[in-house]
Amino acid sequence: MSEIPSQPPILQAKDLKHSFGEGEARSTVLQEISLELKAGETCSIIGPSGCGKSTLLYLLGLLDKPDSGEIKINQRLVSEASEMERTAIRNELLGFVFQFHFLIRELTALENVSLPLRKAGDSKKDATLRAEKLLVDLDLVDKRHRLANKLSGGEQQRVAIARALATSPAIVLADEPTGNLDARNSNKVFDLLVQSAREEGSSIILVTHNPDLAERADRCLPMLDGRFEE
Amino acid sequence: MAMTLTGIVFGIAFFVVTQAQTTGFAKFFEETILGTNGAMRISDRFQQVGGVNTVTEGNEQFALQAGEGTDYVEGIDYPNRLRQAIEEYEDVSGISEILEGRLSVDANVRSQVVQAMGIRLKDHLMVSNLADQIVFGSLEDFDADHSGLLLGHRLAERLHLRPGDKVDVVGSSGRTESLRVSAIFETGVSDIDKRRLYLDLATARWLLQQPSGGAVFQIGLKDPSKAPEVAAQMQATIDHRVVSWQEREKVWLDVFSVLRFSSAVTVSTIILLSGLGMFNVFAMMVMEKRRDIAILRSMGFSRGDVSSIFLFQGGIILLSGALLGCLLGALATYGISKIPIRIRGVFSTDHFVVNWDLSHYLWGVGIAVVFMTLATWIPARRAARVEPAKIIREAS
């Protein structure tokens, strides 16, 4: 793995706590989690199901709010930001890749990749050009006009990667991006994700069950029962 | 979705068609009665009553204490003075002095008592559509001398009279005048067409033995819709009872009004049902698209963006439904206006009467907008409330 030069972290999480449920049914999922991610760094989080990996990812991705603790992106405290600010930050600075790709089935590959760009304010022409470039990079340009549900699992995940990278986000948050793929496709998708993110200058936080993939990241953080293992 | 669109289209179209018919017939009725009996009528003079009245019976005199109040004395005593006063009103477009009474018409086959109206033709044409109501003969003949008669269509049929025929017209005192049928008119109001007869005012005064006074005024207005206000204002200043056409025809106008309202309510239920259909469709869609909504939210689409997607879809359906509904409504209205139907009684028509009015389309679309906006807005609001993390967690 390449050496990451010293620079201020792009993402900082400090003492994050999160729980689900109310009263007696309340269960703590994250217990004082702290994390830093440098620009361009690839960080994997590995652990068994239910250990809180995905919950942490959703907190870092501003899809959910922690019970306590702080999240800073680009030195800016965002954990208590308003709904509107969090939404804007997601569009500008974050990209998501999920296990089940979550493409919009009624749209083509090209339209799926163009969506975040259109939301960011790009013209249709610019968004299409950018989306086509990403699809070329991910070897999907021939299938750009195909509906999402007409693509194979590996192809759909590559489209999801292209969509996550469309706005050149500072951080890509990937939740089991290869969990639904066979070993060959897993490696291919992982390589494309890391390579494309590096080309775009994006950092990656990758949640995975797969220890082989996790170890290929710049840094691997094992997690158990809502905490990072020492 | 197709069913919802169909419901909107037919709901708006039915609304337009029913309103076009009900207002069409109502308007036609108004035109008929305005063209026949005018916008206002002055028939009675006010007389203040009350105080002590003295009654003499034989050698004895009795003093009677009467209650204070206003009495009505039939007819106008000083028509020229009253005419001058009424002409001061700028809303008035014409005044026709009419002497009403009962005369008997002796034709060859039979005789009949008729409602006679003595008029000055020139004045009466200013306050009625008599010229348009002539179906046989000519008004010029009537205007040429004082011996002309205008007969209602059904009256002429009953007496077997045609223009040019001569008849004896007999007054209640036995005075008889031989008059000539100048023309036959048809108002469409059967009560008028089978009883009414117009003759020259001077001839009517001679036959009815009323050399002066006792007349009524039929008044035309530039804007007949202002009749109640003008009547009230006039009544307060001229000491005569002034009756507007709205007051005179209140029963029929109320009937048309109720018909119009009830048909609007009935037809609006079609649009309401379409709205409920649309609500169901959108509520289901929001349930089905929760995952897509969560993805959009993760990409940075705001709650407003999400709800606007559903509102936009609802808007497209509403817009398409409104355009097609208005088009279908206009075509159906045109088609219905060509359907032959013979109506005689309150008015006369040989085909369906429709009223082309933009407000019918605006109301139809307006009702659809209200129902459809609610039907779309509630699910759209629900869509905007979707919490992305929860949905993604459940889907993973």
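Within every chain, numbering begins at 1; the chains are lettered A, B, ... in the order of the sequence lines, protein sequences first and strands thereafter.
Counting heavy-atom neighbours within 6.0 Å of A:K65 NZ, excluding the residue itself, gives a total above 12. Counting non-hydrogen atoms of neighbouring residues, nucleotides and ligands closer than 6.0 angstrom, the CZ atom of B:F279 exceeds 12 such neighbours. More than 12 heavy atoms of other shown residues, nucleotides or ligands fall within 6.0 angstrom of atom NZ in B:K222. In A:D126, the CG atom is crowded: over 12 heavy atoms of neighbouring residues, nucleotides or ligands sit closer than 6.0 Å. In this structure, B:F10 places its CZ atom where only 12 or fewer heavy-atom neighbours from other residues, nucleotides or ligands lie under 6.0 Å away. For CZ of B:F261, the number of neighbouring non-hydrogen atoms (other residues, nucleotides, ligands) closer than 6.0 Å is 12 at most. Atom CD of A:Q75 is surrounded by more than 12 heavy atoms from other residues, nucleotides or ligands within 6.0 Å.
The contact between B:R297 and chain A is made by backbone and side chain atoms together, counting heavy-atom distances below 4.5 Å. For chain A, no part of B:K390 is nearby; none of its heavy atoms comes within less than 4.5 Å. Only the side chain of A:E83 has a heavy atom closer than 4.5 Å to any heavy atom of chain B. Looking at A:L57, neither its backbone nor its side chain comes within 4.5 Å of chain B, counting heavy atoms on both sides.
A distance of 3.5 Å separates CD1 of B:I392 from CZ of A:F98, quoted to the nearest 0.5 Å. The distance from the OG1 atom of A:T167 to the CE atom of B:M299 is 10.0 Å, given to the nearest 0.5 Å. In this structure, CD1 on A:I104 lies 10.0 Å from CD1 on B:I293, to the nearest 0.5 angstrom.
The shortest side-chain heavy-atom distance between B:S298 and A:F102 does not fall under the 4.5 Å cut-off.
The most heavy-atom pairs under 4.5 Å with chain B, out of A:R105, A:E176, A:R86, come from A:R105. For the set B:P388, B:G304, B:A294, B:G300, the count of heavy-atom pairs under 4.5 angstrom toward chain A peaks at B:G300. The most heavy-atom pairs under 4.5 Å with chain B, out of A:T55, A:L173, A:L63, A:L59, come from A:L63.
For the residue pair A:L103 and B:D292, the shortest heavy atom distance occurs at O-OD1, 4.2 Å. Residues A:D64 and B:A389 come closest through the heavy atom pair OD2-CB, 3.8 Å.
Evaluated for a side-chain contact (heavy atoms from CB on, under 4.5 Å) with B:F301, the options A:K119, A:R118, A:R90 yield exactly one hit, A:K119.
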